[in-house]
Number of protein chains: 2
Amino acid sequence: MPLYQRLLDLLRSQIESGRYSVGDQLPTEHAMRTSFGVSRSTVRNALRALTDEGLIRPTPGVGTVVIRSRPPVQPSLLRGFTEDFARRGVPTQARVISAQIVDPPSQVRDRLELLPEEQVLHLVRLRLVSGAPLALMDNFVPASLGIGPEEDFTGPLYELIERNHKYYITYGRDAIGAATVRPEAASVLELPIGSPVLTIKRTAFIGYDRPIEYVEAIVRPDHYEYNVTLLRGKDAS
Amino acid sequence: MPLYQRLLDLLRSQIESGRYSVGDQLPTEHAMRTSFGVSRSTVRNALRALTDEGLIRPTPGVGTVVIRSRPPVQPSLLRGFTEDFARRGVPTQARVISAQIVDPPSQVRDRLELLPEEQVLHLVRLRLVSGAPLALMDNFVPASLGIGPEEDFTGPLYELIERNHKYYITYGRDAIGAATVRPEAASVLELPIGSPVLTIKRTAFIGYDRPIEYVEAIVRPDHYEYNVTLLRGKDAS
DNA sequence: AGCTCGCGATTGTCCGTACAAACGCACAAG
DNA sequence: CTTGTGCGTTTGTACGGACAATCGCGAGCT
């Protein structure tokens, strides 16, 4: 672990624990430099991170004071299914049911803003958590991306897109609804006919507004809920 | 003006103007160091700022690529039901079914972090869009806020809290699921028994982490879907 | 007493160097 | 054909030094 990060963790825990409380002055950079036996740039590296987190405010000629004891709440980020569960320490499996290049349904064509004759990779996967089926996912990715049906789709799809194809996902729009499970999906998800399911439709974008992926997921609501943290802005209304 | 800031402005304008477009690789730090005649730390200072702004992504062993040409889209903000619809130009009505001070259920007590004997204002409202019932909402607000059962609850509840009581909501957490509608709710929502419904549970906070409101909503999925825009961060996985 | 000047202290900027870690690629080995 | 080994490139981390900009405060002058 890098030096500056250990110093960062130490300082952050001291601030959170109240060893330094709001309004207090931190030791000077030079004091830390000598007491920790590191160079000043290392100290500054740690302090810059704390500044970015909004915990401290350095002022030239004065010193560095603590302005918050905890980081401000972060809104939820766009995460793939695999990432979302891995973050909570729950391992997931994916079973690829089909992966083929097809002509997209019109609704997919609209969402991905495809050209008239453009084809897509259609990926159907069953997601499992501890062996039990949880979600049935239909992914649509433009075939022009160059991702073929033969790749390994059991891991995080976003990483596959980002690492292999130099496209970086910037944001996504989710639409969440509820419906009665379709019979075909019911059998795969091991649900009784007529059960309610959570439906998640997501469009992911690269750059400023270019859609790169469209997903429709059907999720068992008994073992999953969609969680999101939202900030309240001044212009919310 | 500091050197690194001039370099920063130059790079930013080149990225915004398309001189370097999304996916392009920036010159290496060493190349900038020589071409601009500054030290590497100055270059890195500028690059770090661009990284913080989300415009570039440096990767060890590879280089620095442009991932955005403009500042990112804004993620969704926390909005109340009335605000959410008003924003899209759809007027809504609210019918107050009951409003009383009660002892909260244990689950509400946990979410609002209430003291053992603390009471809450329990508000049950039916939300209508163009005369048709859309959602049944149970709001819980600590009685200590001073909002009585006799106030006007047909408008935006957040405005009521914020304007009259000087509390500003900072963020909220939503948990969205699907379920089969309960019989009592079915009749109010004019749904057949056994219909699927969308359930939204929200906790809203003031300050760092003080919960101020808890809502459970049961929504007809045939005329509503929960929409949210999420950014993709660098530490999403 | 009140004001000004200058000094020390503190953070900001900038330079140079060195090594580590991660990655892509060519090339050799099996 | 596959594997892995090594090498060069690029960013990350860390060191040390120097000067600038800013501020608080006391010494000294009016």
Side-chain angles (χ1 to χ4, degrees), chain A residues 1-12 15 20 23-68 146 150-152 155-156 159-168, chain B residues 1-12 15 20 23-68 233-235 237:
Chain A
M1 176 178 277
L3 267 179
Y4 81 95
Q5 210 160 48
R6 289 203 289 173
L7 178 56
L8 169 62
D9 289 344
L10 175 64
L11 289 174
R12 191 177 14 225
I15 290 174
Y20 298 112
D24 284 2
Q25 192 137 13
L26 282 188
T28 68
E29 296 175 358
H30 182 260
M32 292 189 191
R33 171 175 168 2
T34 56
S35 71
F36 288 101
V38 297
S39 78
R40 193 181 158 211
S41 56
T42 302
V43 174
R44 286 183 63 76
N45 213 347
L47 292 182
R48 180 175 46 74
L50 285 177
T51 306
D52 289 345
E53 292 175 24
L55 294 186
I56 63 175
R57 172 160 51 202
T59 311
V62 179
T64 303
V65 295
V66 179
I67 59 176
R68 273 201 256 269
E150 68 289 343
E151 303 215 33
D152 176 27
E159 279 186 17
L160 192 67
I161 295 177
E162 293 187 342
R163 207 183 53 240
N164 289 8
H165 301 271
K166 303 282 187 298
Y167 291 118
Y168 291 96
Chain B
M1 178 179 277
L3 268 179
Y4 80 95
Q5 211 160 49
R6 289 203 289 172
L7 178 55
L8 169 61
D9 289 344
L10 175 64
L11 289 174
R12 195 180 9 229
I15 289 174
Y20 297 111
D24 284 1
Q25 194 140 15
L26 283 187
T28 68
E29 296 175 356
H30 182 260
M32 293 190 190
R33 172 174 167 6
T34 55
S35 71
F36 287 101
V38 298
S39 80
R40 193 179 159 214
S41 57
T42 302
V43 174
R44 285 183 64 76
N45 214 346
L47 292 182
R48 180 175 48 74
L50 286 176
T51 306
D52 290 345
E53 292 175 24
L55 294 186
I56 63 176
R57 176 180 311 190
T59 311
V62 180
T64 303
V65 296
V66 178
I67 59 176
R68 276 198 259 270
K234 33 181 185 258
D235 58 340
S237 53

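In what follows, every chain begins at residue 1, and chains take the letters A, B, ... in the order their sequences are listed.
Looking at B/Asn45 and B/Leu7, their side chains never come closer than 4.5 Å, going by heavy atoms from C-beta outward. Between A/Leu50 and A/Thr64, every side-chain heavy-atom pair lies at or beyond the 4.5 Å cut-off.
One finds a salt bridge joining B/Arg12 and B/Asp9 here, because a Lys/Arg side-chain nitrogen approaches an Asp/Glu carboxylate oxygen to under 4.0 Å.
A distance-only check finds a donor-acceptor pair linking the side chain of A/Gln25 to the backbone of A/Val62 [under 3.5 Å].
Atom CZ in A/Arg57 sits about 15 Å away from atom C1' in D/dC23, given to the nearest Å.
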Enumerate the protein-to-nucleotides 10-14 of chain C contacts in which both atoms are nitrogen or oxygen and the separation is below 3.5 Å.
| from | atom 1 | to | atom 2 | distance (Å) |
| --- | --- | --- | --- | --- |
| C/dT10 | O2 | A/Gly61 | N | 3.0 |
| C/dT11 | OP1 | A/Thr64 | OG1 | 3.2 |
| C/dT11 | OP2 | A/Glu29 | N | 3.0 |
| C/dG12 | OP2 | A/Arg44 | NH1 | 3.0 |
| C/dG12 | OP2 | A/Arg44 | NH2 | 3.4 |
| C/dG12 | N7 | A/Arg40 | NH2 | 2.8 |
| C/dG12 | O6 | A/Arg40 | NH1 | 3.1 |
| C/dT13 | OP1 | B/Tyr4 | OH | 3.0 |
| C/dC14 | OP1 | B/Leu3 | N | 2.2 |
| C/dC14 | OP2 | B/Tyr4 | N | 3.1 |

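Within 4.0 Å (heavy atoms only), B/Arg33 reaches sugar-phosphate atoms of the nucleic acid but no base atom.
Test B/Leu11, B/Leu55, B/Thr42 against B/Leu47 for side chain to side chain contact (heavy atoms under 4.5 Å, CB included) and you get one pass: B/Leu11.
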